[in-house]
Amino acid sequence: GGETHSADFPFPAPGLAGPSDGFLAEVNPPLFSPGTPVITVTTYRVGGNGEDRVRALVAVPADSGLPGAPRPFTVTDIGFAGTTTSTDLPVRNSAFAQFAGLSDSFVGMWNVTAAAPRWLTYLGGSGADEVTALAMDWAGDLYAGGWTRSTDLPVAHALQPTSAGGEEGMFAVFDATGVLHHFTYFGGSGDDRIRDVRLIPGSVARVAGSTTASDLPLRLPIQDRGER
């Protein structure tokens, strides 16, 4: 996934929808067989009338670790997220259907077989917002982390319901159908960004990032202040 400014990018429909479009690309390497190997590339557009960029991708885990448990989704479902200035993203089954500000994040689940999103939503407030990290559990729930300059995020079941100042980390959890279950700020009075999200058994999320804040809401820290 990424961003393109190329009008001749090999989308199924030619041209760009805006100044730049986000894209998803599926690359199928050749199998070991006689003859000339052929690599096929299938591309999908993610964008609207503004500038769009895919920043994070994640696939459904291979198995649940539970013997005999049915898989609710298949390997053709891909979680994706990025940032946009488009006011007309093709949202579907969305938690937030309207563009909210300077630039918004977007989060969704793409079905490769249908070549369309199962769900796609804006995520952000009146400032600049960006999701840069994704994780997915076996049930298809998406865990999204990033940063925001918005002071009016539409938080839900928030650990930290308001911004403490500057750039703030943000973290959201969606279920497999796109329903928003949690959306929170995370940070202190400086600039904070969540840069990675990982899951451990039991769908427990661990996040990592960066901060210039001396007042992070620490709990059981091994280092209780920044060192200079």
How close do [X] and [Y] get, counting heavy atoms only, and between which atoms?
X: P90; Y: P117; answer: O-CG, 4.5 Å
X: A139; Y: A176; answer: O-CB, 3.3 Å
X: A115; Y: Y44; answer: CB-CE2, 3.7 Å
X: P217; Y: G187; answer: CD-O, 3.7 Å
X: P19; Y: G50; answer: CD-O, 3.2 Å
X: G190; Y: A213; answer: N-CB, 3.4 Å

Parallel, tilted or perpendicular: ring planes of F99 versus Y122, cut at 30 and 60 degrees: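 The arrangement is perpendicular - the two ring planes meet at more than 60°.
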
Plane angle bin for Y143 and F171 - parallel if under 30°, tilted between 30 and 60°, otherwise perpendicular: tilted

Nearest 0.5 angstrom please: [X] [atom1] to [Y] [atom2], how far?
X: M109; Y: R118; atom1: CE; atom2: CZ; result: 7.5 Å
X: L142; Y: H181; atom1: CG; atom2: NE2; result: 11.5 Å
X: D175; Y: D137; atom1: CG; atom2: CG; result: 10.0 Å
X: D52; Y: D21; atom1: CG; atom2: CG; result: 5.5 Å
X: T211; Y: F186; atom1: OG1; atom2: CZ; result: 8.0 Å
X: D141; Y: H182; atom1: CG; atom2: NE2; result: 9.5 Å

Ring centre gap for F23 and F9 strictly below 6.0 Å: yes

Between S189 and D215: side-chain donor-acceptor atoms closer than 3.5 Å: yes

Modelled atom types, side-chain donor and acceptor of T83 and E130, under 3.5 Å: no

Donor-acceptor contact below 3.5 Å, side chain [X] vs main chain [Y]:
X: T121; Y: V107; answer: no
X: D104; Y: A100; answer: yes
X: T148; Y: M170; answer: no
X: S126; Y: G101; answer: no
X: S86; Y: N49; answer: yes
X: S150; Y: G127; answer: yes

Any side-chain heavy-atom pair of [X] and [Y] under 4.5 Å:
X: E168; Y: Q160; result: yes
X: R45; Y: L24; result: no
X: L123; Y: F96; result: yes
X: L180; Y: P154; result: no
X: R206; Y: I200; result: yes

Test log, rule side chain to side chain donor-acceptor pair (under 3.5 Å), inputs E51 and S20: CA-CA 5 Å; E51 296 183 351; S20 67; 5.0 Å; no

Single-linkage hydrophobic cluster, 4.5 Å side-chain cutoff, [X] and [Y] together:
X: I194; Y: L199; value: yes
X: L120; Y: L57; value: yes
X: L153; Y: W147; value: no
X: V173; Y: V207; value: yes

Pair L89-F106, side-chain contact (heavy atoms from CB on, under 4.5 Å): steps then yes or no: CA-CA 9 Å; L89 276 186; F106 59 81; 3.8 Å; yes

Stacked cation flag R92 on W119, 6.0 angstrom / 45 deg: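 Here R92 fails the 6.0 Å and 45° test against W119.
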
Audit row: D129, S105, side chain to side chain donor-acceptor pair (under 3.5 Å) steps and yes/no: CA-CA 5 Å; D129 317 284; S105 298; 5.7 Å; no

side-chain contact (heavy atoms from CB on, under 4.5 Å) between V58 and I78, intermediate numbers included: CA-CA 6 Å; V58 65; I78 299 170; over 6 Å; no

Atom NE2 of H157: over 12 foreign heavy atoms under 6.0 Å: no

For S210, the option from R195, R193, E167 that meets side-chain hydrogen bond (donor to acceptor under 3.5 Å, both in side chains): R195

